[in-house]
Number of protein chains: 2
Amino acid sequence: MSANDPLKDTELTFLLGMAFQLALAEFVRRLDAEGYDDLRPVHGLAFQAIGAGGITSTELATRLGVTKQAAGQIVTYLEGRGYVRRDEHAAGGRRRLVVLTDQGREHLAVAGRTLHALERRVGAELGEGGVDLLREQLAVLIRELSEGDPPPLRPTW
Amino acid sequence: MSANDPLKDTELTFLLGMAFQLALAEFVRRLDAEGYDDLRPVHGLAFQAIGAGGITSTELATRLGVTKQAAGQIVTYLEGRGYVRRDEHAAGGRRRLVVLTDQGREHLAVAGRTLHALERRVGAELGEGGVDLLREQLAVLIRELSEGDPPPLRPTW
DNA sequence: CGCACGAGTAAAGCACCTTTACTTTTGAGC
DNA sequence: GCTCAAAAGTAAAGGTGCTTTACTCGTGCG
């Protein structure tokens, strides 16, 4: 019943954790190999959140589920590395719009390709429905537990 | 295509992360409500790893993917709280066998019930195949990315 | 009986986030 | 126009929890 497959006895919550950490570790490992060894996992989330349109530090903080000071530190780090820039914000005020530099956009593209390659690799092993079915199931779970808007993806437990 | 459902545009890796963190947060929230507010997520993993048979600190360290010092600190904390005990180890040496106390076993039982309730709640929302299909897909993903034995579930990214 | 090895412990270091406290800019109400 | 609350951002210290470095203890092998 169990001796031959420890995963059978592992709680769903922990299966999710293992799957996440393995996927993330593989993602970071590949990026390291591409020369992005100055970026931590949380930076990947930041890049996704900044995206094409830019974002304010405070909004980034919300998306990452951390304080705005922490978000500010992350932005400063990425700025120092040349991945992002603090521009004027159209809405004025004290606001600054954090946008990707060319280098940042390039990284985002590489990260996207890497994640998609990973997804394809996993999809090839999944049975019928493939990765789309898994995605849909995860979406159902997320909607059920978050009761509405997508939750922040915090860098620590 | 996307404006109405941000999850559609979210990378699989990050969906896994959100699902994991939501499930874990709900788990901890329920345990808090039951009076276990002295326990952090990593302790849940420790309880699972110690289980019925006990474990050594070093083995626990491996399972959690941390140093043995960190594992020792966790054990000391749980010991101080009355959840575990350091017994003699049958194999002798400097080894100590970390085992659950009655209080620890009770917590493990409560945690198990809580996780199963969570799993049922999610399962009710999932379509055909239900939670078993999701578990199997996650197992496939984990086996693919870990190439063999189940990976540690580290407390930080 | 000497010694390497593995378990465990101790203490300092450090990474990364939070807390507390402040400044700057805007806009709404009187 | 002036006041002031609200929100963005910044600064600096604090804290948690892990790692690093370095050690001790017990065993078994030669």
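Sequence lines set the chain letters: A, B, ... in the order given, protein chains first and strands last, and positions in each chain run from 1. The structure displayed is predicted, hence computed values, not measured ones.
- Atom CG of B:L60 and atom NZ of B:K68 lie 13.5 Å apart (nearest 0.5 Å).
- In this entry the distance linking CG of A:L97 with C1' of D:dG9 reads 14 Å, nearest Å.
- Taking CG from A:L64 and CG from A:L153, the interatomic distance works out to 8.5 Å, rounded to the nearest 0.5 Å.
- Taking 4.0 angstrom as the limit, A:R86 places a side-chain polar atom (N or O) nearer than this to OP1 or OP2 of D:dT10.
- Atom pair A:E88:CD and D:dG9:C1' shows a separation of 14 Å (rounding to whole Å applied).
- Side-chain atoms of A:Y83 and A:D102 include no donor-acceptor pair closer than 3.5 Å.
- Rounding to whole angstrom units, CZ of residue A:R96 and C1' of D:dA7 are separated by 16 Å.
- Per the geometry, CG belonging to A:L60 stands 12 Å off P belonging to D:dT10, to the nearest Å.
- Scanning residues 28-55 of chain A for heavy-atom distances under 4.0 Å to DNA chain D yields an empty list.
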Item to check | Letter per nucleotide, 5' to 3', of nucleotides 21-30 of chain D [B base touched, S only sugar-phosphate touched, - untouched; heavy atoms, 4.0 Å] | outcome: BB-BBSS---
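- Neither OP1 nor OP2 of D:dA8 sits under 4.0 Å from any side-chain N or O of A:S57.
- Among the protein residues, B:T58 comes within range of the sugar-phosphate backbone only, with heavy atoms under 4.0 Å from sugar or phosphate atoms but none that close to a base.
- For residues 55-66 of chain A, there are no side chain to side chain donor-acceptor pair (under 3.5 Å) pairs, not counting sequence neighbours.
- Between the CD atom of B:Q73 and the P atom of C:dA11 there is a distance of 12 Å, given to the nearest Å.
- Regarding A:L78, its CG atom lies at a distance of 12 Å from the P atom of C:dC16, rounded to whole Å.
- Closest-nucleotide positions on DNA chain D for A:T56 and B:R154 were compared, and the one nearer the 5' end corresponds to A:T56.
- Checked options A:L7, A:V122, A:L126; the residue passing with B:V140 is A:L126 (criterion: side chain to side chain contact (heavy atoms under 4.5 Å, CB included)).
- Separating the CG atom of B:D87 from the P atom of C:dG8 is a distance of 13 Å, rounded to the nearest angstrom.
- For B:H43 and B:Y36, the ring centers are positioned 6.0 Å apart or more.
- B:I55 pairs in a side chain to side chain contact (heavy atoms under 4.5 Å, CB included) with only one of the listed residues (B:L100, B:V75, B:V84, B:I50), which is B:I50.
- To the nearest 0.5 Å, atoms CD (A:Q137) and CD1 (A:I142) are separated by 12.0 Å.
- Rounding to the nearest 0.5 Å places CG of A:L141 at 6.0 Å from CG of A:L16.
- The distance from atom CZ of A:R95 to atom P of C:dG27 is 9 Å, rounded to the nearest whole Å.
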